[in-house]
Number of protein chains: 2
Amino acid sequence: MESLVNTIRAMIAISDKELEYFLSHCLEKRFKKNEILSKPLITPNEIFFIQKGMIRVLITDEEGVEHTIHFAQENQFIADYSAFMLKRPSVYSLQTLEDTFVIVMPKSIIEWGYQELQEGDKLGRLIAEYYFIYQDTPIKNMFALTPKERYDSITEVFPNIHNRVPQHMIASYWGITPVHLSRLKNQRK
Amino acid sequence: MESLVNTIRAMIAISDKELEYFLSHCLEKRFKKNEILSKPLITPNEIFFIQKGMIRVLITDEEGVEHTIHFAQENQFIADYSAFMLKRPSVYSLQTLEDTFVIVMPKSIIEWGYQELQEGDKLGRLIAEYYFIYQDTPIKNMFALTPKERYDSITEVFPNIHNRVPQHMIASYWGITPVHLSRLKNQRK
DNA sequence: TAAAAATCTAAACATTTGTTATCGTTTCTT
DNA sequence: AAGAAACGATAACAAATGTTTAGATTTTTA
């Protein structure tokens, strides 16, 4: 759980004792490639922290077409975060893209953190802020960059994404078909 | 400043004295319709709270085309929130859609709140969480609803939007042309 | 209040993007 | 290691969406 410890300690001050208590209520879990961690209609009761591997957040439309909303990799928190916060049934699915090793953080211990930790709300604020920025960045890129620049710039956040994720999922992340992405790659701009 | 007081007190416990100090460092400001509150390339140093009126967040692409990112109305906080948090030059513009009366909350007093208020971080967390949900909802709607349902459902968040906002801005919010929106309206679904 | 500007619809046409199918290659499964 | 499945490129065609223009209203400005 070292990576989670480092991530939390980079954001807030927390005693060893408190951290130990927090972690003792978390759970380590391994998933194989393409497994579903979280399904629509079920109210999410936990946030995942990725120690190793990769996850995508996706939504399946009425016609059964999958649309990728986010990718997440090592040292990121991931969930249907809106549904988690609103205590409502999730809309997104979470699916592993590789064999993935996560820490499961139950809602109960997160809420304990908000109430009992000196800087619990600060941690929550920072995570929410980062996630907001994380969601906002591709929106900005959509309008500020050409398709070619977008194709290149996605590696800034996900250094090796073009080796780790099939192209058709990147296409679905950008709202285009794989065929169209393949065409764009062969253009100059 | 009553509406801001109510909004804050609905989220956290705060003494009269603290609230008074906070508000004394805020500023009330009036803008006419179509005025620009915040421009690209300038690092935003404040968050706006709308007391009366309506604001849109937009991005202008390389070809000069404007894309609406958000609408915001009474009792909402609004800013290029990513840029504000990252202390980076903003990418979005903020523009009034009506004569608008806002409270300007400078970064300095917001940071004072995080440091000095018992529940300052909690307030920041809740605002970030709400804004996240606010940004996530239309993404979910994009895939879960038909265009007709989207046209109707936008009034759930903005009850009178079709009277307050010209249709071509709603079109730009959905990433389509005004002509295309006009066509969609004449379809059944 | 008159002129100017903005708004919405509509039509004709152009362009972009999607769909389907095929093929060679790579990756997975057993 | 062999067969099956997934993947990415490409082409031909179809469908969706954009562009341009015009005209009838409404709203704003002076």
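Here is how names work: the chains are called A, B, and so on, in the same order as the sequence lines, proteins then strands, and each is numbered from 1.
A cation-pi arrangement, defined by a distance under 6.0 Å to the six-membered ring centre and an angle within 45 degrees of its axis, is present between B:Arg125 and A:Tyr114.
In this structure, NZ of B:Lys32 is placed 13 Å from C1' of D:dT28, rounded to the nearest angstrom. Spacing between atom CG of A:Leu181 and atom C1' of C:dG18 amounts to 14 Å, rounded to whole angstrom units. Rounded to a whole Å, the CG atom of A:Asn163 is 14 Å from the C1' atom of D:dG8. Distance A:Gln187 CD to D:dA9 P: 13 Å, rounded to the nearest Å. The interatomic distance linking B:Glu98 (CD) with C:dA6 (P) rounds to 18 Å, in whole Å. Distance A:Met169 CE to D:dA6 C1': 10 Å, rounded to the nearest Å. Distance B:Leu184 CG to C:dA10 P: 13 Å, rounded to the nearest Å.
Among the nucleotides D:dA9, C:dT7, D:dT17, the one closest to any side-chain atom of A:Asn186 is D:dA9. Nearest nucleotide to the A:His168 side chain, out of C:dC8, D:dC7, C:dT17: D:dC7. Minimum atom distance to the side chain of B:Arg183 is reached by D:dG18, of the listed D:dG18, D:dA9, C:dC8. Of the candidates D:dA9, D:dA11, D:dT17, D:dA11 carries the atom nearest the A:Val179 side chain, counting heavy atoms from C-beta on. Out of C:dC8, C:dT19, C:dA10, the shortest distance to the side chain of B:Lys185 is found at C:dC8.
The existence of a salt bridge linking B:Glu66 and B:Arg56 is confirmed by a sub-4.0 Å separation between a basic side-chain nitrogen and an acidic carboxylate oxygen. A salt bridge is absent between A:Glu46 and A:Lys107; no separation between the charged side-chain nitrogens and carboxylate oxygens falls under 4.0 Å.
Between A:Val165 and B:Asn34, the residue anchored closer to the 5' end of DNA chain D is A:Val165, taking for each the nucleotide with the nearest heavy atom. Along DNA chain D, the nucleotide nearest B:His180 and the nucleotide nearest B:Lys33 are compared for position; the residue whose nucleotide lies closer to the 5' end is B:His180. In terms of position along DNA chain C, the nucleotide closest to B:His162 lies nearer the 5' end than the nucleotide closest to the other residue of the pair B:His162 and A:Thr177.
In this structure the side chain of B:Gln187 never reaches within 4.5 angstrom of the side chain of B:Pro147, judged on heavy atoms. Looking only at side-chain heavy atoms (C-beta outward), A:Tyr130 and B:Met85 stay at 4.5 Å or farther from each other.
Using a 4.0 Å cut-off, some side-chain N or O of B:Gln167 falls inside it from OP1 or OP2 of C:dT9.
Residue-level contact check: A:Ile176 touches the backbone only, with heavy atoms under 4.0 Å from sugar-phosphate atoms and none from bases.
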